[in-house]
Structures are given as structure tokens and as C-alpha cells.
There are 2 protein chains.
Amino acid sequence: MPYRPFDGQNCSIAGALAIIGERWSLLVMREVLLGRRRFQEIKRNTGIASNILADRLQTLVDHGVLERRRYSDQPEAYEYVPTRRGLDVNPVLIALMQWGDRHLAANGPPRVPVHTVCGHDAEPRLVCSHCSQPIKAEELRVRPGPGANEAQRAEPLLPAD
Amino acid sequence: MPYRPFDGQNCSIAGALAIIGERWSLLVMREVLLGRRRFQEIKRNTGIASNILADRLQTLVDHGVLERRRYSDQPEAYEYVPTRRGLDVNPVLIALMQWGDRHLAANGPPRVPVHTVCGHDAEPRLVCSHCSQPIKAEELRVRPGPGANEAQRAEPLLPAD
DNA sequence: AAGCTTAGTTGCATTTTGCCACTCGACTCG
DNA sequence: CGAGTCGAGTGGCAAAATGCAACTAAGCTT
């Protein structure tokens with residue numbers, strides 16, 4: 001991991017990036033959440049080098065995003081299963097996928113999301129918890145929240161776009 | 001950028017990561033979408049080194065995520081404004097922010113999202129475009145889509161969790 | 001017994017960072 | 001007029017991360 005310059009920003013985005021924001025880590029999470037949970041399987045599907053994969057899995061386990069579980073003795077095999085923290089990475093991957101689908105996929109999306117509750121294809125959409133309307137990317141701003149520090153409180157700047 | 005091993009995966013997530021998935025790049029996008037759009041401003045708020053920032057801004061411009069615009073002559077000043085591609089990064093940042101808020105923020109979220117259309121605080125939520133119900137992270141699976149390749153079509157694997 | 005599979009580790013060369021000093025043009029203060 | 005400053009970077013160099021390939025080690029399989 002590139003040094004550790006993300007501390008002390010009091011920012012949930014920076015915090016999240018410090019744990020799951022590394023490129024390979026997110027690809028590993030894609031694999032795990034797709035159901036590919038064994039070392040060699042992840043290695044094959046991502047093209048990641050063994051040592052890097054070992055390192056990333058270890059730090060994801062250290063941060064409680066994955067759990068290393070013995071899958072079978074004889075032959076000794078392990079699987080990496082997502083914890084709650086790990087499952088909650090799904091929306092991040094979905095957001096990345098939708099960005100990629102929209103701006104890169106020439107021949108249609110390689111994968112489409114399915115909502116297991118209703119069983120149908122489901123373009124997940126962001127809606128406002130207050131007015132229930134769909135939210136467009138440019139209709140979002142932020143304001144300082146309860147956890148804001150001095151500096152952040154002083155900058156209620158919403159971009160003008 | 002670490003070599004470029006993300007090609008040839010036919011995956012929108014990998015594609016998106018290749019362009020915007022670098023840690024600093026996402027932090028830069030946070031700044032830009034927060035309204036901080038000038039070189040020094042971004043540098044100050046992220047703690048990124050000048051040469052890295054210059055590099056990241058350049059590649060974001062190269063990929064059409066940002067546009068470099070002269071902000072004023074005398075003194076010569078530039079700003080980096082988000083294009084459509086850039087604006088569409090917002091949901092990714094929101095997803096990261098929500099993950100961080102949920103799993104890391106001890107004293108409440110530093111920032112809260114505001115929906116500019118209705119003007120209220122808005123926890124953006126994912127809903128299913130088919131049944132309109134809110135979607136929990138673990139209720140999402142994927143299936144091969146129209147852009148899937150041979151291998152991907154052969155693996156309609158939905159994880160068991 | 002030879003070979004394969006799973007899950008890594010180790011060594012080494014290459015690439016990317018981070019840090020800091022420096023440039024270059026245009027103000028701005030005294 | 002000269003000194004200092006600000007904005008936007010560039011350049012050099014050491015330290016860290018990455019990629020690659022070979023190797024270990026236990027337990028099958030043929």
C-alpha cells in the first residue's frame with residue numbers, strides 16, 4: 001500500500017479507500033462477491049500475482065472485510081468469505097460497474113444485476129430517502145455532518161457546477 | 001498506474017478501475033465534485049505530491065473525466081471541471097462514503113448528502129428498478145449480460161453466500 | 001513413483017511513489 | 001524598483017510497491 005497518507009482527513013471516502021480502495025483489492029472483492037472464493041480461483045480470474053494476492057487477502061482479513069475459513073481438510077483448502085463489511089462493498093462495485101457499463105461497454109454490459117428478492121433484472125437506482133425521487137449524479141451535494149471537524153464545518157461549500 | 005493488467009477482462013468493474021480506480025484519482029474526484037477545482041486547492045486538501053497530482057489530473061483529462069479550463073489569464077490559472085463522465089463518478093464516491101460512514105465513522109458522518117432537487121438531506125438508497133423495493137447489499141447477484149463473452153456466458157454463477 | 005492441486009513464500013528486477021527543491025510568469029507591497 | 005508571493009507545475013533521487021518466475025510443502029491421483 002502506498003505509504004499511508006490518507007489518515008487524518010476525517011473523511012469517510014478517504015477511510016474507505018485506505019481499506020478497500022486499492023485496485024486489486026476491489027477486484028478481489030468482485031471475485032469474492034461473485035462467488036469465487038478460493039485462492040487459485042481468484043488468481044486465475046484476475047491475473048493477479050500470487051504474492052500480491054496473498055498480501056491483499058491478508059489485509060482484507062485484517063480489516064474484517066473477509067474471513068479466512070478452512071473449506072476442507074485433505075486436501076487442505078481455504079475459502080475467503082465476505083463478512084458484513086465485505087457484503088457492504090457490493091454497492092461500491094455496482095456503482096463502478098454502472099459507470100463502466102455507461103461509459104466503456106461498447107457491446108452492452110457483460111453482466112447485469114439481479115435482485116434476488118423479486119427475482120428480476122434490476123438496474124439498481126439511487127433514490128432520495130426524503131422525496132423518494134430518483135437522484136441524478138449532478139443533483140447531489142454534501143453539507144458538514146455531525147462528525148465534521150472545525151475546518152469541515154467552516155466550509156459548507158456546495159459546488160456550483 | 002501499476003502496469004496495466006486490467007485489460008482483456010471484459011468487465012465494467014475492471015474497466016472503471018483502470019480509469020478512475022486509483023486511490024489518488026478517486027480522492028481527486030472527491031475534491032473536484034466537492035467544488036475544489038484548482039491545482040493548489042486539491043493539493044492542499046488531499047496532501048498529494050505535486051508530480052503525482054499533475055500526473056493524475058493529466059490521465060483523468062486524457063480519459064475525458066475532467067476538462068482543463070483556463071480560469072483566468074493574469075494570473076494564469078486553471079480549473080479542472082468534471083465532464084459527464086466525471087459527474088457520473090459521484091455515485092461511486094457516495095457508495096464509498098456510505099461504506100465508510102457505516103463501518104468507520106465513530107462520531108457520526110463527517111459529511112451528509114443533500115438532494116438539490118428537493119433540498120433535503122438524502123441518504124441515497126439503492127432500489128430495484130423492477131419491484132421498486134430497497135435493495136440490501138446481499139440481495140444482489142449478477143447474470144451474464146448481452147456483452148458477455150464465451151466464458152462469462154458459461155458461468156451463470158450466482159454466489160450462495 | 002511421478003505428477004497434479006492448493007496455498008502460498010522467496011528473490012530479484014522493474015516501476016511507481018513520495019519528498020523536496022526549483023522554475024517561470026504575473027501580481028502586489030513598500 | 002526590488003522583494004516577496006501565488007499558481008501551476010517540472011526534475012532529481014531515494015524508498016516502496018509491483019510483477020514475474022521459481023520454489024516449498026502437504027496431500028491426493030494414476
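These values consider heavy atoms only, across backbone and side chains, with no hydrogens, waters or symmetry-generated copies. By convention in this document, chain letters (A, B, ...) are assigned in the order of the sequence lines, proteins followed by strands, and residues within each chain are numbered from 1.
Each of C/dT6, D/dG19, C/dT17 was ranked by its minimum atom distance to the side chain of A/A77; first place goes to C/dT6. Comparing C/dT17, D/dG9, D/dG12 by their closest approach to the side chain of B/N51 singles out D/dG12. Among the nucleotides C/dC19, D/dT18, C/dG8, the one closest to any side-chain atom of A/F39 is C/dG8. With distances taken from any side-chain atom of B/Y78 to the nucleotides D/dA8, C/dA7, C/dT17, the minimum falls on D/dA8. Nearest to the side chain of B/Y80, among D/dG12, D/dG9, C/dA7, sits D/dG9. In this structure, the nucleotide among D/dG9, C/dA7, D/dA8 sitting nearest to the side chain of A/Q40 is C/dA7.
Contact between the side-chain N/O atoms of B/R70 and the OP1/OP2 oxygens of D/dG7 is not found at any separation under 4.0 Å. A close approach under 4.0 Å does occur between a side-chain nitrogen or oxygen of A/W24 and OP1 or OP2 of D/dG19. The shortest distance between the side-chain N/O atoms of A/R68 and the OP1/OP2 oxygens of C/dG8 is below 4.0 Å. Phosphate proximity of C/dT5 to A/R44: absent, as no side-chain N or O sits under 4.0 Å from OP1 or OP2.
Rounded to whole angstrom, the span from the CZ atom of B/R23 across to the P atom of D/dA16 amounts to 16 Å. Remark: P of C/dA7 and CZ of A/R37 are 14 Å apart, rounded to the nearest angstrom. Here the P atom of nucleotide C/dT16 and the CD atom of B/E22 are 11 Å apart, to the nearest Å. With rounding to whole Å, A/Y71 atom OH is found 10 Å from C/dA7 atom P. Atoms CD1 (A/I52) and C1' (C/dT10) sit 13 Å apart, rounded to a whole Å. For A/L57 and C/dG8, the CG to P distance is 7 Å, given to the nearest whole Å. Rounded to whole Å, the distance from CG on A/L53 to C1' on C/dT6 is 12 Å. Counting to the nearest Å, the P atom of C/dT17 and the CG atom of B/D55 are 7 Å from each other.
Salt bridge annotation for A/E76-A/R70: present, with a cationic side-chain nitrogen under 4.0 angstrom from a carboxylate oxygen. A salt bridge between B/R68 and B/E79 is absent, with no side-chain N of the basic residue lying under 4.0 Å from a carboxylate O of the acidic one. Checked for salt-bridge contact, A/D101 and A/R111 miss the test: no charged N lies under 4.0 Å from a carboxylate O.
For D/dA26, its base never sits under 3.5 Å from the side chain of A/E76 at any donor and acceptor pair.
A/T83 places a side-chain N or O within 3.5 Å of a backbone atom of A/V65 that can act as its donor or acceptor partner. B/R141 contributes a side-chain N or O that, together with a main-chain N or O of B/E138, makes up a donor-acceptor pair within less than 3.5 Å.
DNA chain D is contacted by both A/S50 and B/K43; B/K43 maps to the nucleotide lying nearer its 5′ end (nearest heavy atom per residue).
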